[in-house]
Amino acid sequence: MHVEIKYLNLLSTRLEKFKQKKSRLWNFRCPYCGDSQRNKNKARGFVYPIKDELLYKCHNCGISVPFGKLLQDQDPVLY
């Protein structure tokens, strides 16, 4: 999981409203649905650990993917 966190931090510059909420919880605007079109301050996408891997979940559109898939979709070169 240490490697995934390293790549999450590298990807963070491309994610709107990115912030670390807790030691193992990150929050940002969903890159898939864009969250709210009317309110640019909403950030409903979360990365969190389950067992030994990081998962991404959006509480707006409902997408749930492993962190590797998020990284591949958002920055194929970094992946």
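The structure displayed is predicted, hence computed values, not measured ones. Index from 1, following the sequence.
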Notebook entry, point to check: Of all residues at least two apart in sequence or in a different chain, which pass the salt bridge (Lys or Arg N to Asp or Glu O under 4.0 Å) check with K69?
Noted result: D73

Next item on the list: Output, in order, the C-alpha distance, side-chain angles, deciding distance and verdict of side chain to side chain contact (heavy atoms under 4.5 Å, CB included) for N60 and C33.
Entry: CA-CA 8 Å; N60 185 42; C33 70; 3.3 Å; yes

Note to self: Check this for me: K19, atom NZ, are more than 12 non-hydrogen atoms of other residues, nucleotides or ligands nearer than 6.0 Å?
What the structure shows: no

Notebook entry, point to check: Do other residues, nucleotides or ligands put more than 12 heavy atoms under 6.0 Å from N39 CG?
Noted result: yes

Item checked: Straight-line distance of R44 CZ to R29 CZ, nearest 0.5 Å -> 8.5 Å

Margin query: What's the separation between atom CZ in F67 and atom CD in Q74, rounded to the nearest 0.5 Å?
Written below: 10.0 Å

Next item on the list: Measure across Y32 and L70 and return the closest heavy-atom pair with its distance rounded to 0.1 Å.
Entry: OH-CA, 3.5 Å

Next item on the list: Would you check if Y56 and I63 make a side-chain contact, meaning some heavy-atom pair closer than 4.5 Å?
Entry: yes

Item checked: Test item: N27 and F18 side chains (from C-beta on) under 4.5 Å apart, heavy atoms -> no

Next item on the list: Find the distance between CD (Q20) and CH2 (W26) and round it off to the nearest 0.5 Å.
Entry: 5.5 Å

Check: Under 4.0 Å between a Lys/Arg side-chain N and an Asp/Glu carboxylate O for K42 and D35?
Finding: no

Can you give me every donor-acceptor pair (side chain of residues 6-13, partner residue at least two apart or in another chain, under 3.5 Å) with its distance?
unit_1 : atom_1 : unit_2 : atom_2 : d
N9     : ND2    : I5     : O      : 3.2
S12    : OG     : N9     : O      : 2.6

Item checked: Separation of K17 NZ from C30 SG (nearest 0.5 Å) -> 15.5 Å

Margin query: Within the supplied structure, the quantity of interest is the number of heavy atoms (other residues, nucleotides, ligands) at a distance under 6.0 Å from E16 CD; does it exceed 12?
Written below: no

Next item on the list: Can you see which heavy atom on G62 is nearest to which on K57, and at what distance?
Entry: O-NZ, 3.6 Å

Notebook entry, point to check: Within a strict 4.5 Å, meaning less than it, do heavy atoms of the P31 and R14 side chains meet?
Noted result: no

Next item on the list: Kindly give the cluster partners of Y48, where membership spreads through any ILVMFWY side chain lying under 4.5 Å from a current member.
Entry: L25, F46, I50, L55

Note to self: Between E4 and L54 (side chain of the first, backbone of the second, donor and acceptor by atom type, cut-off under 3.5 Å), is there such a pair?
What the structure shows: yes

